[in-house]
K.L.:
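Sharing a structure here in structure tokens format.
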2 protein chains.
Amino acid sequence: MKDVASAAGVALKTVSRVVNGEPGVHPETAERVRAAIHRLGYSRNESARVLRRGRTATIGLVIEDVADPFYSGLGRAVEEVVIDHGCLLLSGSSGEQPGRERELVETFCARRVDGLIVVPAGEDHTYLRSELEAGTPVVFADRPPGAGLDVDTVLADNVSGAGQAVRHLLGHGHSRIAFLGDNPAIFTAAQRLQGYRAALGGLYDERLVSMRPPSLEAVRDDLARMLALDDPPTAVFAGNGRYTVTVLRALAGRPLALVGFDDFELADLLQPGVTVVAQDPSWMGRVAAELLFRRLRGDVGPSEHIELPVRLIPRGSGERPALPR
Amino acid sequence: MKDVASAAGVALKTVSRVVNGEPGVHPETAERVRAAIHRLGYSRNESARVLRRGRTATIGLVIEDVADPFYSGLGRAVEEVVIDHGCLLLSGSSGEQPGRERELVETFCARRVDGLIVVPAGEDHTYLRSELEAGTPVVFADRPPGAGLDVDTVLADNVSGAGQAVRHLLGHGHSRIAFLGDNPAIFTAAQRLQGYRAALGGLYDERLVSMRPPSLEAVRDDLARMLALDDPPTAVFAGNGRYTVTVLRALAGRPLALVGFDDFELADLLQPGVTVVAQDPSWMGRVAAELLFRRLRGDVGPSEHIELPVRLIPRGSGERPALPR
DNA sequence: GTGAAAGCGCTAACAG
DNA sequence: CTGTTAGCGCTTTCAC
């Protein structure tokens, strides 16, 4: 900038004014400065700018896995909003590891991101308190923070979504409905179990429930065990997108009814089409990002807890009748 | 840092030493400093550090769309490598728009990223020249840069992959093989067309080729037009993952043979399973990122052009015989 | 309209 | 082992 200034025969500050589009520069001077900038191939050093201004125009996003379609859809929507606000997105995957989540968040904070959107992997977020007190807005998406932290959240209506799935299957004559879902330590998994259990009422049978990370072998074993019962399941409710796919593989053509939580590409092309309770990851991302920018603009109202509706999409697999054994 | 220093009763520089794990600090002093850091909730301001040191420990990644499974797989692998090197990833989607690609790259450069990985959308990358001369390493992945830029590239072997697909179909008795692919301005699409054409030789018929963005309507129209020919196609080669899915929808159960470029989740669960020419996006991402870090470590050899092999995975759709009309 | 000076928080270079 | 000083490139403040 100094070089540009002397090349254009003006003071440092004038170059700064031109670069930032500030008013109060004679058009001719501005033109001379621009010419010098172009000639020297100058581009503003953002680090210095950030250091001086205190704002980085950067948002941090921590998700579970960028390669998971749900989270990448969410991420894409966040990116869109962030770019529209003239900011950049720093992102990282926690891989469902609390330690990694914390590391990422702390690294982002050390880089002074202006705000954070977090899909938490851990249970304890007290480490965020000082950052929050320092005024960095944080929005939790998909899952809430651990106890004792009062921040904005954007969640899906998991409980009622699971209820819809179960009632749909009940309506098609099923009374033995298995639930296969992820580790109940994961908020969404626990919520969906809760919705499942509530909707089943007296029909609930814990032998038809299995919750652990979705490996094909595990799911296959669990299903085999359930199908060997005297009163085996005639339908399955799968707790998330990855589970749905894994269950499909494990079922290997067995004609059980199936409803999955989360929509996925090609669900309609399978035979039968897969009935799902669909969330809208882009919507969640957009809502979370917009809420964050509202905070960044100075909205200091009480923390908001947005719950996005989900909807059941019948495609065939969930409408299979309950066959006699 | 100043506050920490006075709280611990030491000089600024000593705090700096402790924070950076530099040697030459008495363990007891270091402990006192650490206590003060903890007590005050201090965390280093990275912007100031970057300003002073000149390196940001940040890598920029420009891809087409974070929500596309191919690119998100690539992105995830890049992220992994970047984190392993103690850096952070700034990423953005070009959405296949050259202007957006350029904007992202320039913004990243203004933020002084240490290196860039780019899946280009545009044809002209002369705007990168000054940055390259300034010493910022850049690796192009999936697609090469426009003419006149001598940088590292990591590409898939598109031509021979397309050839494999076509020969596979020829081997199953097809001689009328349609090619549906994306806009030929996109490098990979053009390369695959070239491989298709070369493998078909005299059987090539331009009426069986359609290249444009993959909308369901367009694909449906094109297929209908081809199927109405006197000598209609009995097989389809789809130019990329999105195309494969779109073609499957457009075919709506018609028993044409199909081979798609790019593997996708569930390809094995469809009926019949979808035969594909599979690339490995994670591999591409990892190779690109590792090459970038090699450059960052000072490797100044001539630019490298890595071509990753692809492999055909038969699953059923590509082994359907050529039925008489 | 334009400019000079101060300082953001840190690290490099050099003393002690 | 510890401290002092200078300055990274910019914006802020205030003066002209």
Side-chain angles (χ1 to χ4, degrees), chain A residues 1-37 40-58 86 106-114 131 134-136, chain B residues 1-37 40-58 86 106-114 131 134-136:
Chain A
M1 193 176 256
K2 208 168 64 185
D3 295 349
V4 173
S6 60
V10 297
L12 205 62
K13 179 62 216 179
T14 303
V15 180
S16 172
R17 286 204 178 91
V18 172
V19 168
N20 293 296
E22 284 170 32
V25 179
H26 193 90
E28 223 164 71
T29 318
E31 201 36 66
R32 226 169 51 234
V33 170
R34 262 188 291 272
I37 287 175
L40 275 62
Y42 165 80
S43 108
R44 180 171 66 195
N45 182 321
E46 292 292 326
S47 311
R49 174 169 220 245
V50 158
L51 176 59
R52 190 61 243 238
R53 308 205 354 162
R55 298 193 61 237
T56 55
T58 309
E106 285 176 342
T107 314
F108 288 168
C109 289
R111 300 214 174 195
R112 301 293 187 269
V113 291
D114 294 337
E131 200 60 31
T136 309
Chain B
M1 194 176 257
K2 209 169 61 187
D3 295 348
V4 172
S6 60
V10 297
L12 205 61
K13 179 65 214 182
T14 303
V15 180
S16 171
R17 286 206 177 90
V18 173
V19 168
N20 294 295
E22 284 170 33
V25 179
H26 193 89
E28 226 166 71
T29 319
E31 202 36 67
R32 226 169 50 235
V33 170
R34 263 189 291 272
I37 286 175
L40 274 61
Y42 165 82
S43 106
R44 179 172 66 195
N45 182 320
E46 292 292 328
S47 311
R49 174 169 220 244
V50 159
L51 176 60
R52 187 62 243 237
R53 307 204 357 162
R55 296 193 62 237
T56 55
T58 309
E106 285 177 342
T107 313
F108 288 168
C109 289
R111 300 215 173 194
R112 302 292 188 268
V113 292
D114 294 338
E131 199 62 30
T136 310

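Predicted, not measured: the structure shown is a model, and the values here were computed from it. When reading the values below, keep in mind they use all heavy atoms of this one structure, side chains included, and skip hydrogens, waters and symmetry mates. A note on names: the letters A, B, ... follow the listed sequences, proteins ahead of strands, and every chain is numbered from 1.
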K.L.:
Can you measure B/Arg49 atom CZ to D/dG9 atom P for me and round it to whole angstrom units?
P.N.:
17 Å
K.L.:
Run B/Arg111 and B/Thr56 through side chain to side chain contact (heavy atoms under 4.5 Å, CB included) and show every step you take.
P.N.:
CA-CA 8 Å; B/Arg111 300 215 173 194; B/Thr56 55; over 6 Å; no
K.L.:
Rounded to the nearest 0.5 Å, what separation is found between the CZ atom of A/Arg44 and the CD1 atom of A/Ile37?
P.N.:
10.0 Å
K.L.:
Return the 5'-most residue of the pair B/Ala48, B/Val10 with respect to DNA chain D, ranking by each residue's nearest nucleotide.
P.N.:
B/Val10
K.L.:
Heavy atoms only: give me the nearest A/Leu51-B/Ala48 pair and the separation to one decimal.
P.N.:
CD1-CB, 3.6 Å
K.L.:
Determine: side-chain N/O of A/Ser16 to OP1/OP2 of D/dC10, distance under 4.0 Å, yes or no.
P.N.:
no
K.L.:
B/Arg112 CZ to D/dC8 C1': how many Å, rounded?
P.N.:
12 Å
K.L.:
Tell me which one of B/Glu131, B/Glu106, B/Arg112 satisfies side chain to side chain contact (heavy atoms under 4.5 Å, CB included) with A/Ser43.
P.N.:
B/Arg112
K.L.:
Give A/Ala11 one of three labels, base, sugar-phosphate or nothing, depending on what nucleic acid heavy atoms sit under 4.0 Å from its own.
P.N.:
sugar-phosphate
K.L.:
On the nucleotide D/dT11, are OP1 or OP2 found under 4.0 Å from the side-chain N or O atoms that A/Asn20 carries?
P.N.:
yes
K.L.:
Return whichever of A/Tyr42 or B/Pro23 has its heavy-atom-nearest nucleotide of DNA chain D closer to the 5' end.
P.N.:
B/Pro23
K.L.:
At less than 4.0 Å, is any side-chain N or O atom of A/Ser47 found next to OP1 or OP2 of D/dG9? Yes or no.
P.N.:
no
K.L.:
D/dG3 P sits how many Å from B/Met1 CE, rounded?
P.N.:
14 Å
K.L.:
About how many Å separate NE2 of A/His26 and CZ of A/Arg17, when rounded to the nearest 0.5 Å?
P.N.:
14.5 Å
K.L.:
In whole angstrom, what separates A/Arg52's CZ from D/dC10's P?
P.N.:
13 Å
K.L.:
How long is the line joining CZ of B/Arg53 and C1' of D/dC8, in whole Å?
P.N.:
13 Å
K.L.:
Along DNA chain C, 5' to 3', what are the outermost nucleotides having an atom less than 4.0 Å from a heavy atom of chain A?
P.N.:
C/dG1 to C/dG9
K.L.:
Can you find a pair of side-chain heavy atoms, one from B/Asn20 and one from B/Arg49, that are under 4.5 Å apart?
P.N.:
yes
K.L.:
If I take atom OG1 from residue B/Thr136 and atom CG from residue B/Asp114, how far apart are they, to the nearest 0.5 angstrom?
P.N.:
8.0 Å
K.L.:
Rounded to whole Å, please give me the gap between CG in A/Leu12 and P in D/dG9.
P.N.:
11 Å
K.L.:
Pair B/Lys13, B/Glu22 - check side chain to side chain contact (heavy atoms under 4.5 Å, CB included), show working.
P.N.:
CA-CA 11 Å; B/Lys13 179 65 214 182; B/Glu22 284 170 33; 3.9 Å; yes
K.L.:
Name the pairs: protein N/O against N/O of nucleotides 13-16 of chain D, kept only if under 3.5 Å.
P.N.:
none

K.L.:
Return the value, rounded to whole Å, for the distance between atom CZ of A/Arg44 and atom C1' of D/dG9.
P.N.:
12 Å
K.L.:
Please pick, from D/dC10, D/dG9, D/dT2, the nucleotide with the shortest atom-to-atom distance to any side-chain atom of B/His26.
P.N.:
D/dT2
K.L.:
Quick check: do B/Met1 and B/Asn45 have side-chain heavy atoms less than 4.5 Å from each other?
P.N.:
no
